[in-house]
Each structure stands twice: as C-alpha cells, then as structure tokens.
2 protein chains.
Amino acid sequence: MASIVAAAWRLSGEHGVGGVSLRALAREVGIRQPSLYEYFDSKHALYDSMFADGNRQLLARLEAVKLPRDPRAAVKSFMQAFIGFSVEDVPRYVLLFQRQIPGFEPSAESYQPAQVFLNRAIELLHAAGLESQADVDCFIAMVAGLVDAQISNDPGGHRWIRHLNRLADMYLDEPKRRKRR
Amino acid sequence: MASIVAAAWRLSGEHGVGGVSLRALAREVGIRQPSLYEYFDSKHALYDSMFADGNRQLLARLEAVKLPRDPRAAVKSFMQAFIGFSVEDVPRYVLLFQRQIPGFEPSAESYQPAQVFLNRAIELLHAAGLESQADVDCFIAMVAGLVDAQISNDPGGHRWIRHLNRLADMYLDEPKRRKRR
DNA sequence: GTCTATACATCGATAGAC
DNA sequence: GTCTATCGATGTATAGAC
C-alpha cells in the first residue's frame with residue numbers, strides 16, 4: 001500500500017502526476033493492473049492516498065523545523081521550509097496545491113493535514129502582527145506567487161524564491177505604515 | 001479555422017481546456033472528428049492556435065486601455081486590465097499562463113504576443129520606478145499570486161484581486177524605502 | 001491476494017475511399 | 001475536405017481460476 005504510493009510518486013516524477021497510468025503503476029510495483037483494485041477502488045482513490053501522503057510529508061517537514069522565538073523570524077523559517085518542500089518535488093506540489101487533476105477532489109480526511117498546515121501558517125502570521133484576513137490572504141498569495149513563478153520559469157533555480165525574506169519584511173511592516181497615517 | 005478555435009473556447013468553458021475532446025469539438029463544429037486533422041496536425045496544434053488567439057485577445061484588450069499619464073496609475077490600470085481579462089475566462093487564463101496541458105509548449109510564433117505583453121508590463125514598471133530585474137520579478141509574481149488565489153479559491157469573487165492597488169503601492173514604494181537606509 | 005481474460009468507453013491519430 | 005473504418009492507448013471494471 002505505502003509502497004504503491006511510493007511507486008506512484010516515482011512515476012509522477014517522469015510524466016507528471018496526471019501522467020501516472022494504472023497499467024504503468026502496476027508494472028512498476030510488479031503486479032498486474034487489476035490487482036491494484038485490491039488497494040484502491042479507483043484512480044481517484046490513488047490520488048487521494050497520494051494527497052494524504054504528501055500532506056503528511058509536509059507536516060513532518062514543518063514540524064522538524066526549529067522555529068526561532070522572534071515571531072517574524074519564525075514566519076520566515078516556516079515559509080522557507082514550505083518553499084523548499086514545494087520546489088524540491090514539483091509533481092507533489094502540483095497535486096497538493098494546484099487544482100490540476102480533472103475531477104479530483106481530496107476527501108475530507110485527506111484534506112485535514114492541509115488544514116492543520118494552513119492554520120499553523122495563519123497562527124504564525126498573527127503572532128507576527130498580520131491580524132486581518134486581508135493581510136494574511138495577501139501574504140500567502142505572495143508566497144504562492146513566488147513558488148509558482150519559480151517552478152514554472154526556473155525549476156531548480158532560486159530567481160524568485162530568494163526574495164522571500166525581503167518581501168516578508170515588506171508585508172509584515174505594511175500594517176504599521178498604514179496605521180501611521 | 002477561426003470558427004473551430006471559437007468552438008474550442010466554448011467547449012473549454014464547460015470542462016476546462018484539458019477537457020476539450022476532438023470528437024466533441026468536431027460535433028460542435030458539425031463535422032466528423034478525423035476531418036479536424038485538415039485544420040490541425042494534432043491536438044497540440046489546436047492548443048497552439050488557441051494560445052495564439054488568447055494572446056491576441058489579451059493584446060487587443062490592453063491596447064484598448066487608456067493609460068493615465070502618471071506612471072504609477074498607469075501600472076495599476078494596466079494590471080487591473082490584465083486581472084480582469086484573467087478572471088473573466090478561467091480556461092483561457094489556464095492555457096495562457098499555467099503550464100497545465102501535459103506536453104504542450106507554445107510555438108515561438110504563438111508565444112510572440114505574450115512577449116509583447118510582458119515587455120509592455122516591464123516598460124511600465126520601469127517608468128514607475130521599478131528598475132531592477134528582481135523588483136519586476138517580484139511585482140509580476142505578486143499579481144500572478146493574486147489571480148491564482150482568486151481563481152482557485154473564490155472564482156467570480158474579488159477577495160484577493162481587490163488588494164491590487166494597495167499592494168502595487170507597497171511594491172512601488174519599497175525601492176525608495178530601501179534607499180533611505 | 002493475485003492472476004488471466006475480457007469487457008466497455010474514451011481518447012488522439014491514421015489509412016484510404018470518395 | 002469530408003467521410004468510414006480502424007488502430008493502439010487509456011481508465012474502469014468484472015468474472016472466475018488458483
């Protein structure tokens with residue numbers, strides 16, 4: 001079961017998440033295609049397992065990060081870890097954060113770790129002074145924009161993501177500037 | 001030819017760009033599926049025509065915008081127009097700006113209007129004081145982040161894109177603040 | 001659990017007649 | 001140009017032997 005999901009990740013590295021065929025997956029695992037139905041009721045069920053697995057990987061990664069005391073530094077560390085996780089495995093990022101598989105919606109269970117992750121991010125942003133929904137939305141959209149641009153235009157590089165710390169400071173300072181007026 | 005591309009756009013509105021099948025497209029046009037190969041050598045050639053067509057639409061839209069004299073206001077108008085164009089037709093945005101069709105790479109010809117658009121954006125940002133590659137990269141990634149979040153999480157709404165003007169000011173002010181130190 | 005075998009629908013694509 | 005017919009691949013699914 002876990003080894004099938006691992007094999008699916010391997011295959012997705014070659015032809016993308018959408019390019020994983022059940023026949024190829026069975027071949028990779030060393031069984032026949034119908035036997036996969038012993039483990040997954042459908043291809044979407046496979047994607048759901050991969051989605052859950054990817055989110056567990058993300059949570060494990062972020063929990064391993066030692067967050068600095070300073071709230072602002074904590075936000076940066078957290079986001080840097082997220083960015084590193086995202087760019088190191090593009091198909092995984094695509095499955096977890098882009099709506100790309102036609103018709104695939106993660107189940108509520110599989111989606112839960114994603115919620116935990118998001119709540120943790122919001123919590124850290126609050127602690128660093130971003131209180132309003134609007135400010136949090138903008139910050140998260142900014143990070144996603146950096147990751148997307150990086151993956152799309154310069155995979156393996158750092159042309160966009162290297163600006164995270166500077167932009168984070170800018171976003172975190174902005175509420176203060178707004179108040180001063 | 002043009003009417004086939006138009007029909008393809010219509011179909012993409014129902015099941016997404018990736019969901020356009022040649023059989024459904026032929027049905028929509030009133031011919032049989034193999035007859036489409038008289039007009040397009042492959043499905044990717046169809047996507048290439050759609051890509052070129054979408055970029056022509058974008059250029060036409062942006063050329064129709066009356067840009068204010070003030071460089072900063074001009075940037076905002078330009079980006080607002082781009083955002084409006086993006087959110088009003090999601091499949092078109094997906095084809096033009098997301099790498100979502102597996103294996104599809106626009107031809108150099110079709111890509112040319114996209115270059116024109118990008119150069120125009122860079123030009124306006126320069127005029128508004130964003131000179132470095134880094135600053136331009138960040139600004140454009142920010143706009144893309146807003147559009148992506150909007151389309152993914154709140155299609156038809158304005159929860160993210162409404163922050164464009166405020167964020168634009170923030171990005172355009174930042175080089176000055178950096179110099180003051 | 002895993003297999004063989006088979007089925008059905010869909011897809012992009014091609015051959016060849018008209 | 002348009003057609004019919006067909007190909008090989010896909011995802012999905014089932015029946016039934018071992």
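Per chain, numbering begins at 1; letters A, B, ... match sequence-line order.
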Roughly how many Å is it from [atom1] in [X] to [atom2] in [N], rounded to a whole number?
X: B:Leu11; N: C:dC11; atom1: CG; atom2: C1'; answer: 15 Å
X: B:His44; N: C:dA13; atom1: NE2; atom2: C1'; answer: 13 Å
X: B:Arg32; N: C:dT14; atom1: CZ; atom2: C1'; answer: 18 Å
X: A:Ile31; N: C:dT4; atom1: CD1; atom2: P; answer: 11 Å
X: A:Tyr37; N: C:dT4; atom1: OH; atom2: P; answer: 17 Å
X: B:Gln33; N: C:dA9; atom1: CD; atom2: C1'; answer: 15 Å
X: B:Leu46; N: C:dA13; atom1: CG; atom2: C1'; answer: 14 Å
X: B:Phe104; N: C:dG12; atom1: CZ; atom2: C1'; answer: 16 Å

By the 4.0 Å heavy-atom rule, please label [X] as base, sugar-phosphate, or nothing.
X: B:Tyr39; value: sugar-phosphate
X: B:Ser21; value: sugar-phosphate
X: A:Val29; value: nothing

(request) Can you establish whether the number of heavy atoms outside A:Asn119 located under 6.0 Å from its atom CG is more than 12? (result) yes
(message) For A:Gln112, I'd like to know if atom CD has over 12 heavy atoms of other residues, nucleotides or ligands within 6.0 Å.
(response) no
(request) Would you please say whether a donor-acceptor pair under 3.5 Å links the side chains of A:Gln133 and B:Arg159? (result) yes
(request) Could you verify whether a donor N or O on one side chain and an acceptor N or O on the other, from A:Trp160 and A:Asp148, lie under 3.5 Å apart? (result) no
(request) Could you tell me whether the side chain of B:Arg27 reaches within less than 4.5 Å of the side chain of B:Gln33, counting heavy atoms only? (result) no
(message) Are A:Phe82 and A:Phe97 an aromatic pair, judged by ring center distance below 6.0 Å?
(response) yes
(request) On DNA chain D, reading 5' to 3', which nucleotide is the first and which the last to sit with an atom under 4.0 Å from a heavy atom of chain B, could you check? (result) D:dG1 to D:dA5
(message) Would you say B:Arg23 places a side-chain N or O within less than 4.0 Å of OP1 or OP2 belonging to C:dT10?
(response) no
(message) Here's a test for you: under side chain to side chain contact (heavy atoms under 4.5 Å, CB included), which of A:Asp70, A:Leu124, A:Leu62, A:Leu67 qualifies with A:Ser77?
(response) A:Leu67
